[in-house]
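See structure below.
All residue numbers refer to positions in the sequence shown, counting from 1.
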Amino acid sequence: MKTLITTGEGPFGLRHAQAPDPVPAPDEALVRVRAVSVNRGELALAAVSPAGTRLGWDVAGTVVEAAADGSGPPPGTRVAGLADGGGWAEHVALPVSRLAEIPGTVTDEQAAALPVAALTAWYGLRKAGPLLGRTVLVTGAGGGVGRMAVQLAAEAGARVVAWTGSPDRGQGLTGLGAEVVSTYEQAEGGASDVVFDSVGGEVLTRAFVTLRPGGAAVVYGNTTRSALVLPADWGRARPGVCLHHLFLFDEIGRQDPAADLATLLRLCADGRLDPQVALTSSWDDPAEALKRLEGRAVNGKVVLLLT
């Protein structure tokens with residue numbers, strides 16, 4: 001089969017190569033891949049991985065061989081799933097515990113955009129507890145995960161405040177359910193009950209001080225690569241506050257990703273969750289699309305289509 005591998009020449013250094021078709025474990029289905037989405041974390045891995053490394057987490061395609069243990073969907077079923085890596089290939093073996101059937105009204109491109117971004121937002125907001133009537137502050141709201149979090153928090157009945165790095169990154173967030181859209185420098189929106197952060201550093205510090213007593217901060221990234229600095233009165237001024245860290249590939253071991261992904265796909269089919277596919281490109285020449293993602297010139301998800 002054809003696959004994309006790193007060349008060792010940075011985040012955009014990829015080339016096609018031939019690899020053996022995967023041999024599924026008894027609880028895995030063999031999927032013919034039609035679309036994959038790209039996450040900034042994968043670009044970071046590509047930048048430091050040796051030549052020949054295979055990447056790819058988000059996939060959508062069609063089951064060509066059902067799991068040998070009888071679990072999971074039958075051949076011919078369109079599915080979206082979460083791979084441990086190696087998803088940028090014509091075929092991938094996916095545990096049935098990490099894939100879900102795609103509803104008929106959802107495209108492969110839309111489905112491929114959901115697993116990492118939507119599950120991260122889903123699990124992160126779940127850690128914060130019930131959201132109805134609470135204020136949720138989302139930093140990094142212009143990215144893939146952020147745009148999912150804005151929608152899911154609004155869907156759950158929260159007042160949503162969205163912070164972004166620039167006004168351009170905030171485009172479209174009001175339509176997704178954000179009541180307030182602000183840059184980090186403006187830091188508008190008032191007090192919050194939940195902070196959902198991917199930025200770290202000074203932005204997280206600014207967001208943290210907005211928390212009310214009993215609030216929760218859920219952190220799933222640190223794009224600034226900065227140390228976390230909390231105010232001196234971080235606890236005394238906010239009794240009962242909680243700080244959580246979320247790493248998706250750890251979290252799914254305590255969750256039911258197949259059922260949760262199925263729920264997210266149904267929300268998409270019902271028009272209640274927009275996957276925010278901002279750019280599609282052929283995997284034959286993905287460099288330009290990846291550069292736009294790395295440069296934060298894309299508000300939403302980048303999806304590569306296999307030819």
Interatomic distance, [X] atom [atom1] to [Y] atom [atom2] [nearest 0.5 angstrom]:
X	Y	atom1	atom2	result
Asp285	Leu14	CG	CG	10.5 Å
Gln18	Asp21	CD	CG	9.5 Å
Leu176	Glu155	CG	CD	12.0 Å
Ile252	Leu82	CD1	CG	5.0 Å
Leu290	Ser281	CG	OG	7.5 Å
Trp57	Asp84	CH2	CG	10.5 Å

Legend entry - Salt bridge flag under 4.0 Å for residues Arg34 and Glu109: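 No, Arg34 and Glu109 are not salt-bridged.
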Legend entry - Side-chain ion pair, Arg159 and Asp193, N-O less than 4.0 Å: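 Answer for the salt bridge query: no.
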Inset, instruction - Let me see the working for Leu152 and Leu264 under side chain to side chain contact (heavy atoms under 4.5 Å, CB included), right down to the final yes or no. - result: CA-CA 10 Å; Leu152 291 172; Leu264 292 162; 4.1 Å; yes
Between [X] and [Y] (side chain of the first, backbone of the second, donor and acceptor by atom type, cut-off under 3.5 Å), is there such a pair?
X	Y	answer
Asp58	Val116	yes
Asn299	Asp168	yes
Ser182	Ala187	yes
Arg238	Pro213	no
Arg134	Pro130	yes
Thr53	Ser49	no
Thr6	Pro50	yes
Ser226	Gly201	no
Asn39	Glu42	no
Glu101	Ala262	no

Are [X] and [Y] joined in one hydrophobic group, where the rule is that I, L, V, M, F, W and Y side chains link up if heavy atoms are under 4.5 Å apart?
X	Y	result
Leu248	Met148	yes
Leu243	Val209	no
Val218	Trp234	no
Val181	Trp163	no
Val31	Leu304	yes

Legend entry - Check against ring pair (Phe, Tyr, Trp, His ring centres under 6.0 Å), Tyr220 and Phe196: CA-CA 8 Å; Tyr220 69 95; Phe196 188 60; 4.7 Å; yes
Write down the atom of [X], the atom of [Y], and the distance for their closest heavy-atom approach.
X	Y	value
Ala83	Gly56	CB-O, 3.7 Å
Ala89	Leu306	O-CD2, 3.4 Å
Val106	Ala111	CG1-N, 4.0 Å
Thr164	Gly142	CG2-N, 3.7 Å
Val64	His91	CG2-CD2, 4.3 Å
Ile102	Ala60	CD1-CB, 4.1 Å

How about [X] and [Y]: do any of their side-chain heavy atoms sit closer than 4.5 Å?
X	Y	answer
Tyr123	Pro257	yes
Lys127	Leu246	yes
Val79	Thr62	no
Leu30	Pro22	yes
Trp283	Leu4	yes
Val38	Val303	no
Leu94	Arg98	no
Leu99	Leu261	no

Inset, instruction - Just do the side chain to side chain contact (heavy atoms under 4.5 Å, CB included) check on Leu204 and Val199 with the steps written out, would you? - result: CA-CA 7 Å; Leu204 176 54; Val199 183; over 6 Å; no
Inset, instruction - Please say whether more than 12 non-hydrogen atoms of neighbouring residues, nucleotides or ligands are located less than 6.0 Å from CZ in Arg254. - result: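 Yes, the 6.0 Å shell around CZ holds more than 12 heavy atoms from other groups.
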Legend entry - Derivation and outcome, side chain to side chain contact (heavy atoms under 4.5 Å, CB included), residues Glu90 and Thr3: CA-CA 6 Å; Glu90 291 180 317; Thr3 183; over 6 Å; no
Tell me yes or no: between the side chains of [X] and [Y], is some donor less than 3.5 Å from an acceptor?
X	Y	answer
Ser71	Asp69	yes
Gln255	Arg126	yes
Glu202	Thr205	no
Ser192	Thr210	yes
Thr224	Asn222	yes

Legend entry - Given Gln151, Gln110, Lys301, Arg147, the one that forms side-chain hydrogen bond (donor to acceptor under 3.5 Å, both in side chains) with Gln276: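 Running side-chain hydrogen bond (donor to acceptor under 3.5 Å, both in side chains) over Gln151, Gln110, Lys301, Arg147 with Gln276 returns exactly one hit, Arg147.
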Legend entry - Partner residues of Arg169 under the salt bridge (charged side-chain N to carboxylate O under 4.0 Å, His left out) criterion, sequence neighbours left out: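 If we apply the salt bridge (charged side-chain N to carboxylate O under 4.0 Å, His left out) test to Arg169, skipping adjacent residues, there are no hits.
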Inset, instruction - Kindly determine whether Val194 and Thr135 satisfy side chain to side chain contact (heavy atoms under 4.5 Å, CB included), including the steps that lead there. - result: CA-CA 6 Å; Val194 176; Thr135 294; over 6 Å; no
